[in-house]
Amino acid sequence: MNHEIKYLNCGKLLIKKVKNEIDEIVQVVELIKWEKEFKVIKKDKKTKKNKTILHQEAYNNRFEIEFLKFGWEKNLFLSRDPRLIGDFGKNLVFGEIQFGNSATLYRDFYKFQYGYRNGLVSMCVLIVPVNPQEFFPTRSEKSITNMAEYDLALRYFTILPISTPTMVIGLIRG
């Protein structure tokens, strides 16, 4: 998938130390092809029947599958109380894939700050669409209004006192 990357509060030494993890993250992003109506066929755990999942849930599922192939952990706990769980993690790199409401970015940034301040992570990763309306063209405008997105996430980092080393990846249609 096409994408752009911005590193925030990351020094050259840190980027060098987590180069393998960064390379794997970029490979996962590039493995997943953008589709006008992204869907995944998944076996329902209860009924054992195939079910089609669409849009955000489908992308989240596909990212999970690809990260697992590279040996990343899923649903990584930073804390049980408060309950802070990430989408993927490996070797002190902790990540979130965010297709939710923009308010969820605050929760993600809180997780990043918590993990960094408590020595649980050395770098965080946030994956969001650059333009949700272009990225999900078959969704109703109402369903993607106020969705988390790349430029907004970058603005939050300049407004909020967040110094956590973070790699922000913007997913681009095409």
Could you see if [X] belongs to whatever hydrophobic cluster contains [Y]? Use Ile, Leu, Val, Met, Phe, Trp, Tyr and a side-chain cutoff under 4.5 Å.
X      : Y      : answer
Phe112 : Tyr156 : yes
Leu68  : Phe77  : no
Ile5   : Ile172 : no
Val28  : Trp72  : yes
Leu76  : Ile85  : no

Are there more than 12 heavy atoms of other residues, nucleotides or ligands under 6.0 Å from atom [atom1] of [X]?
X      : atom1 : answer
Lys90  : NZ    : yes
Gln113 : CD    : yes
Tyr116 : OH    : no

query: Yes or no on side chain to side chain contact (heavy atoms under 4.5 Å, CB included) for Val29 and Phe63, after CA distance, side-chain angles and deciding distance?
result: CA-CA 8 Å; Val29 169; Phe63 273 102; 4.1 Å; yes
To the nearest 0.5 Å, what is the distance between [atom1] on [X] and [atom2] on [Y]?
X      : Y      : atom1 : atom2 : answer
Lys17  : Met123 : NZ    : CE    : 13.5 Å
Leu8   : Leu154 : CG    : CG    : 6.0 Å
Leu126 : Phe157 : CG    : CZ    : 7.5 Å
Glu66  : Gln27  : CD    : CD    : 10.5 Å
Met167 : Cys10  : CE    : SG    : 9.0 Å
Lys33  : Asn2   : NZ    : CG    : 8.5 Å

Between [X] and [Y], which heavy-atom pair has the shortest distance, and what is it?
X      : Y      : answer
Val130 : Glu149 : O-OE1, 3.3 Å
Pro129 : Pro132 : CG-CG, 4.1 Å
Pro82  : Tyr110 : CG-OH, 4.2 Å
Glu96  : Phe88  : N-CE2, 3.8 Å
Leu14  : Pro165 : CD2-CB, 3.4 Å
Asp44  : Lys46  : OD1-N, 2.9 Å

task: Please test Ile127 against Asp87 for side chain to side chain contact (heavy atoms under 4.5 Å, CB included), starting from the C-alpha separation and ending with a verdict.
output: CA-CA 10 Å; Ile127 300 174; Asp87 291 324; over 6 Å; no
Taking the side chain as C-beta and beyond, is there a heavy-atom pair between [X] and [Y] under 4.5 Å?
X      : Y      : value
Asn91  : Val18  : no
Ile22  : Tyr7   : yes
Thr104 : Phe99  : no
Leu105 : Arg155 : no
Arg62  : Phe38  : yes
Phe67  : Ile97  : yes
Phe94  : Leu84  : no
Met147 : Gln133 : no

Could you tell me whether the side chain of [X] and the main chain of [Y] form a donor-acceptor pair under 3.5 Å?
X      : Y      : answer
Trp34  : Phe135 : yes
Lys48  : Lys43  : no
Asn101 : Ala103 : yes

- request: Determine, for Glu64 against Lys74, whether the closest basic-nitrogen to carboxylate-oxygen distance falls under 4.0 angstrom.
  value: yes
message: Working note: Lys39 + Leu54, criterion side chain to side chain contact (heavy atoms under 4.5 Å, CB included); need CA distance, chi angles, decisive distance, verdict.
response: CA-CA 4 Å; Lys39 56 182 139 184; Leu54 301 170; 3.4 Å; yes
- prompt: Can you tell me if Asn9 and Ser163 form a side-chain donor-acceptor pair at under 3.5 Å?
  reply: no
field: Aromatic ring pairing His55/Phe136, orientation class (parallel under 30°, perpendicular over 60°, tilted between)
entry: perpendicular
task: Please test Tyr114 against Leu120 for side chain to side chain contact (heavy atoms under 4.5 Å, CB included), starting from the C-alpha separation and ending with a verdict.
output: CA-CA 8 Å; Tyr114 179 92; Leu120 303 170; 4.0 Å; yes
